[in-house]
Amino acid sequence: MAERVTLAGVGKRFGGGPAVLQGIDLALAPGEFVALLGASGCGKSTLLRLVAGLEQATAGEVRLGEAPVRDVDPRCAVVFQEPRLLPWRSVAANVALGARHAGGAASPQRLLDQVGLGDAAGAWPHQLSGGMAQRAALARALAGRPDVLLLDEPFAALDALTRLRMGDLLQDVRAETEPTTLMVTHDVDEALRLADRLVLLAGQPAAVRAVYAAPPRHDAAAIARLRAEILGHFGLGADAHAHARARPPEAAIA
Ligand SMILES: Nc1ncnc2c1ncn2[C@@H]1O[C@H](COP(=O)(O)OP(=O)(O)OP(=O)(O)O)[C@@H](O)[C@H]1O
Ligand SMILES: [Mg+2]
């Protein structure tokens, strides 16, 4: 069952260093898909790791459903910025690992077929390209039919076409299991295509700068306006916008 994810006044600092995140208030409705955008180093992965329970907030609270994240064990899956496959297991065995705690989990072979790796089930991780390994990591995350799906630039290593295909796959997964999804991406077009809402992190320490509802998929004019506004937030002017438009779907924030 999809879970509500709530961040209430969340702050994070590492050791005695300056705060990385401060005063983050954000709630994801069960089954909602939120894209998280922000400049490199602003704290997006840190925020994702807080939701995953891999880091502890130093202020405020992260809740899954009604309970603090440290007290619950939801079916939460993470795709990290790098694939993190176990090198001593075959690709299929890596994917099966994602399903080990889940009843009625999806079949590894079906998932590998869906991410275009049907023929690589018996391969070893070192035999995969970066993009193939990242797709295997996505299959592993989906294998447990997670309630909460956390994606940290999962498609960064993929070519534009494969990226589009993986986006379609995520939409299929949503239609089937509706996980509450938080996806970090640098790609504004990808965010506009996939997400219900777009959240912009900015500042030092980073806070939520803006939250936008994604316009309906068919409203090209509204999508173009929001795209320009978001790129403007990151100091990318009309030229960068036009340039990015000439090379869809890679309107990337550096
Ligand atoms: N374990 C850690 N110890 C100390 N500092 C950390 C740790 N993890 C992250 N940081 C710092 O927190 C800040 C935010 O890092 P984070 O990885 O969350 O950024 P990001 O927005 O995901 O960047 P990118 O887009 O490049 O992936 C950086 O200054 C980073 O050095
Ligand atoms: Mg990151």
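Each ligand, and each atom within it, is numbered from 1 in the order the structure gives.
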Asker: Compare all side-chain heavy atoms of Q114 with those of L142 and state whether any distance is below 4.5 angstrom.
Answerer: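 Not in contact.
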
Asker: Less than 4.5 Å apart, side chain to side chain, heavy atoms only: is that true for R89 and L97?
Answerer: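 R89 reaches L97 side chain to side chain.
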
Asker: Just to confirm my output: which protein heavy-atom neighbour is closest to atom 16 (P) of ligand 1, and how far is it?
Answerer: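 Looking only at protein heavy atoms, the one closest to atom 16 (P) of ligand 1 is T46 OG1, 3.6 Å.
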
Asker: When only distance counts, is C42 in polar contact with ligand 1, meaning an N/O pair under 3.5 Å?
Answerer: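 Yes; the residue has a nitrogen or oxygen that sits under 3.5 Å from a nitrogen or oxygen of the ligand.
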
Asker: Would you sort out whether L151 and V184 count as a side chain to side chain contact (heavy atoms under 4.5 Å, CB included), showing the intermediate values?
Answerer: CA-CA 6 Å; L151 307 169; V184 173; over 6 Å; no

Asker: Run the side chain to side chain contact (heavy atoms under 4.5 Å, CB included) test on L201 and L21 for me, step by step, so that the C-alpha distance in whole Å, both residues' side-chain angles and the decisive distance to 0.1 Å come before the verdict.
Answerer: CA-CA 9 Å; L201 277 192; L21 300 171; 4.2 Å; yes

Asker: If you measure only the distance, is there a donor-acceptor pair under 3.5 Å linking the side chains of Q81 and S45?
Answerer: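 Present: a donor and an acceptor within the cut-off.
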
Asker: Between L169 and V115, is any pair of side-chain heavy atoms under 4.5 Å apart?
Answerer: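 Of all side-chain heavy-atom pairs linking V115 with L169, at least one is under 4.5 Å.
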
Asker: Contact between R197 and Y212 at the side-chain level, heavy atoms closer than 4.5 Å - yes or no?
Answerer: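 They are not in side-chain contact.
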
Asker: Verify the distance test for S45 against the Mg ion (ligand 2): any N/O/S atom under 2.8 Å, yes or no.
Answerer: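 It does: S45 brings an N, O or S atom closer than 2.8 Å to the Mg ion (ligand 2).
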
Asker: Taking S90 for its side chain and A123 for its backbone only, find out whether a donor-acceptor pair lies under 3.5 Å.
Answerer: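 No; zero donor-acceptor contacts below 3.5 Å.
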
Asker: Are any N, O or S atoms from Q81 nearer to the Mg ion (ligand 2) than 2.8 Å?
Answerer: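 For Q81, the answer is yes, given that an N, O or S atom comes within less than 2.8 Å of the Mg ion (ligand 2).
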
Asker: Which atoms from ligand 1 have a heavy atom of Q81 less than 4.0 Å away?
Answerer: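 The list of qualifying atoms is 27 (O).
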
Asker: Run the numbers for me: atoms of ligand 1, each under 4.0 Å from some heavy atom of E153, listed by number.
Answerer: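 Matching atoms, with element in brackets: 25 (O), 27 (O).
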
Asker: Which atoms from ligand 1 have a heavy atom of G43 less than 4.0 Å away?
Answerer: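 This gives 14 (C), 16 (P), 18 (O), 19 (O), 20 (P), 21 (O) as the contact atoms.
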
Asker: Can you find a protein heavy atom under 4.0 Å from atom 20 (P) of ligand 1?
Answerer: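 So far as the 4.0 Å threshold goes, atom 20 (P) of ligand 1 is in reach of a protein heavy atom.
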
Asker: So does F80 get a backbone contact from the side chain of Q134, meaning a donor-acceptor N/O pair under 3.5 Å?
Answerer: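 Confirmed, Q134 side chain pairs with F80 backbone.
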
Asker: For ligand 1 and K44, I'd like to know whether there is a polar contact (N/O to N/O, distance under 3.5 Å).
Answerer: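 N/O-N/O distance below 3.5 Å exists for this pair.
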
Asker: Out of curiosity, L111 CG to R135 CZ, how far, rounded to the nearest 0.5 Å?
Answerer: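 One finds 13.5 Å between CG of L111 and CZ of R135.
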
Asker: Could you tell me the residue and atom name of the protein heavy atom closest to atom 12 (O) of ligand 1, and the distance to it rounded to 0.1 Å?
Answerer: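 Ranked first by proximity to atom 12 (O) of ligand 1 is V20 CG2, 3.4 Å.
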
Asker: If we count only non-hydrogen protein atoms and require a distance under 4.0 Å, does atom 30 (C) of ligand 1 qualify as touching the protein?
Answerer: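 False for atom 30 (C) of ligand 1.
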
Asker: Please state which protein non-hydrogen atom is closest to atom 26 (O) of ligand 1 and give its distance, to 0.1 Å?
Answerer: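 Looking at atom 26 (O) of ligand 1, the protein heavy atom closest to it is S40 OG, 2.6 Å.
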
Asker: Who's the nearest protein heavy-atom neighbour of atom 28 (C) of ligand 1, and how far?
Answerer: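 For atom 28 (C) of ligand 1, the nearest protein heavy atom comes out as G41 O, 3.8 Å.
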
Asker: Look at atom 5 (N) of ligand 1 and say which protein heavy atom is nearest, naming residue and atom and giving the distance to 0.1 Å.
Answerer: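 For atom 5 (N) of ligand 1, the nearest protein heavy atom comes out as F14 CD1, 3.4 Å.
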
Asker: For atom 17 (O) of ligand 1, find the nearest protein heavy atom and state the residue, atom name and distance (0.1 Å precision).
Answerer: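 For atom 17 (O) of ligand 1, the nearest protein heavy atom comes out as S45 CB, 3.7 Å.
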
Asker: Show the atoms of ligand 1 that are less than 4.0 angstrom away from any heavy atom in H186.
Answerer: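 That gives atoms 25 (O) of ligand 1.
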
